[in-house]
Amino acid sequence: MIIQLDSNITGAQLKRLKEKLKEIAYKTTHVSTQYSDYIIGVGKREFDIRAIGTMPGIRDIHRVSDDYKLVSKKWRVEDTAIRLNEDIEIGTGHFTLMAGPCSIESEEQIEKTIAHLARNGVRIMRGGVYKPRSSPYSFRGLGIDGLKLWYEKAHAAGIKIITEVMMVEQIEDMAGYVDIFQVGARNSQNFNLLDALGEVDKPVLLKRGISGTIDELLQAAEYIFSNGNERIMLCERGIRSYETAYRNTMDINAIAMLKEKTHLPVIADPSHGIGLRRFVSPVALAAVMAGADGVILEVHEQPEKAFSDGQQTLSFPEAERLYKRLRQAFELRETF
Ligand code: PEP
Ligand code: MN
């Protein structure tokens, strides 16, 4: 059960509500986010929802029996939008493109990528400065100094940035230089990290775990929301399956299903989703048709020279063609 509280609920009213929930043996958690306060009740007993809903100080009450609640569409039936500034909004009829290299490599690469994005009206640049690499001998990113340089240049060009945070300890240092925190597939169930990101008022893009189910992804998002941060988007980036012909299996089904289960925006990552450059475009287009609110792409001036993930990275001309097609596909979908 989710009970949304009135912003002017009194201490006595709240106390009475908690007593009432105790009477019906419901365990309660008080959630306080940047937008509202909620009481989450978990219990088994049947009760008349009106008996609680009509108590003073309550704005709304909903029965949600899934393990995830606040991220569920059963409660918030309208999709949620995430606003980055006056003119960048993610979700609810806005189509979002995010693009950039797998790893931030150099000042020159940052400048060239920004120029490419600006030419194409892409307002959010992706890139990793802390890279989770399968081998410890691979390039692991430029770290905080690379982030500061990148942030400064991107912001001067009016471009927002999204980058992966790998550890709780990095959040504080990074927060001043990040517009969207990315939680990578390998950290999708790092509950300490999710808890900590719940305390930050910055949007979070949460990727699905490599072997994560849809339910696990939604529960991971619930960690962030229930710790105070409602600004979450989910990302399908391919899962591990028995198929070895490509790097991952992009689960297009998940996009359609997530749009049914949650009010949060859903972003598709076809670069990691299939892991092969020549198939990124068709998979990206399919993801839009399945309902994605946006697409995140790996692009590089010279993909063959990229420090990481070059095999799935689009060249600038390839990316330009795809941006156009994706925008067309989105417009078409919106007419359905
Ligand atoms: C990335 O975005 O470059 C990345 C490492 O993604 P994932 O966590 O999905 O593997
Ligand atoms: Mn990558």
Side-chain angles (χ1 to χ4, degrees), residues 96-105 109-110 113 122 124-136 138-143 146-147 150 160-167 170 174 178-190 193-194 197 203-214 216-217 220-221 224 232-241 246-252 254-255 258 266-277 279-280 283-284 287 292 294-315 319:
T96 303
L97 282 172
M98 308 181 195
C102 180
S103 302
I104 297 297
E105 299 166 3
Q109 179 221 32
I110 293 170
T113 310
V122 177
I124 304 172
M125 178 166 163
R126 63 144 289 146
V129 294
Y130 295 109
K131 295 303 302 176
R133 303 305 302 277
S134 298
S135 162
S138 303
F139 177 65
R140 292 166 75 176
L142 294 182
L147 177 64
W150 171 28
K160 302 283 182 189
I161 69 172
I162 170 167
T163 196
E164 175 164 357
V165 58
M166 287 175 60
M167 298 192 299
Q170 290 166 343
M174 291 174 76
V178 168
D179 299 299
I180 303 172
F181 277 114
Q182 173 175 320
V183 176
R186 291 156 194 80
N187 262 323
S188 196
Q189 286 190 307
N190 178 340
L193 184 62
L194 302 176
L197 287 167
V204 177
L205 177 138
L206 173 64
K207 288 199 168 192
R208 181 176 182 184
I210 290 170
S211 308
T213 64
I214 290 172
E216 284 165 341
L217 177 62
I224 302 172
I232 309 161
M233 55 201 114
L234 303 177
C235 179
E236 165 58 39
R237 49 77 72 202
I239 48 173
R240 175 125 338 146
S241 73
Y246 25 76
R247 184 179 179 188
N248 291 304
T249 298
M250 183 72 174
D251 185 3
I252 301 284
I255 295 170
L258 283 168
V266 176
I267 306 294
D269 174 352
S271 306
H272 294 87
I274 187 153
L276 295 168
R277 186 182 310 144
F279 299 122
V280 168
V283 173
V295 174
I296 185 165
L297 294 166
E298 287 186 335
V299 306
H300 196 284
E301 196 207 9
Q302 290 177 287
E304 57 291 347
K305 295 214 171 127
F307 288 8
S308 56
D309 283 353
Q311 80 292 344
Q312 64 192 32
T313 298
L314 301 178
S315 67

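Whatever order the structure lists them in is the order used to number ligands and atoms, beginning at 1.
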### Query
Rounded to the nearest 0.5 Å, what separation is found between the CD1 atom of Ile274 and the OH atom of Tyr246?
6.5 Å
#### Entry: Rounded distance (nearest 0.5 Å) linking atom CZ of Arg126 with atom SG of Cys102
5.5 Å
### Message
Quick check on contacts: which atoms of ligand 1 are under 4.0 angstrom from a heavy atom of Gly184?
### Response
8 (O)
### Message
Once rounded to the nearest 0.5 Å, what's the spacing between atom OG of Ser188 and atom CZ of Arg237?
### Response
9.5 Å
### Query
Which protein heavy atom lies closest to atom 2 (O) of ligand 1, and at what distance to 0.1 Å?
Arg126 NH1, 2.8 Å
### Message
So, 4.0 Å and heavy atoms of Cys102: is ligand 1 close enough to count as a contact?
### Response
yes
### Close side-chain approach of Ile180 to Lys160, heavy-atom, < 4.5 Å
no
### Message
Given 3.5 Å as the limit, does a donor-acceptor pair link the side chain of Arg277 with the main chain of Thr313, or not?
### Response
yes
### Summary
Quick note on ligand 1: atoms under 4.0 Å from a heavy atom of Glu298 include exactly 3 (O)
### Neighbour count above 12 (heavy atom, 6.0 Å) for Arg240 CZ
no
#### Entry: Donor-acceptor contact below 3.5 Å, side chain Ser271 vs main chain Glu298
yes
### Query
Just which atoms of ligand 1 are under 4.0 Å from any heavy atom in Gln182?
1 (C), 2 (O)
### Task
Identify, for atom 4 (C) of ligand 1, the protein heavy atom at the shortest distance, and state residue, atom and that distance.
His272 NE2, 3.4 Å
### Summary
Separation between NE2 (His272) and CD1 (Ile210), nearest 0.5 Å, reads 9.5 Å
### Task
With rounding to the nearest 0.5 Å, note down the distance linking CG in Asp251 to OG1 in Thr213.
10.5 Å
### Query
What residue and atom, counting heavy atoms only, is the protein's closest point to atom 9 (O) of ligand 1, and at what distance?
Arg237 NE, 2.7 Å
### Message
Quick test: of every protein heavy atom, which one is nearest to atom 8 (O) of ligand 1, and how far off is it to 0.1 Å?
### Response
Ala185 N, 2.8 Å
### Task
Give yes if a backbone or side-chain nitrogen or oxygen of Arg186 is under 3.5 Å from a nitrogen or oxygen of ligand 1, and no if not.
yes
### Message
Measuring from atom 7 (P) of ligand 1, which candidate in Gln312, Lys207, Glu236 has the nearest non-hydrogen atom?
### Response
Lys207
## Note on the structure
Near the Mn ion (ligand 2), meaning under 2.8 Å, the protein N/O/S atoms are Cys102 SG, His272 NE2, Glu298 OE2, Asp309 OD2
### Glu164 N/O to ligand 1 N/O under 3.5 Å
no
### Interatomic distance, Glu236 atom CD to Arg208 atom CZ [nearest 0.5 angstrom]
5.0 Å
#### Entry: Salt bridge flag under 4.0 Å for residues Lys131 and Asp309
no
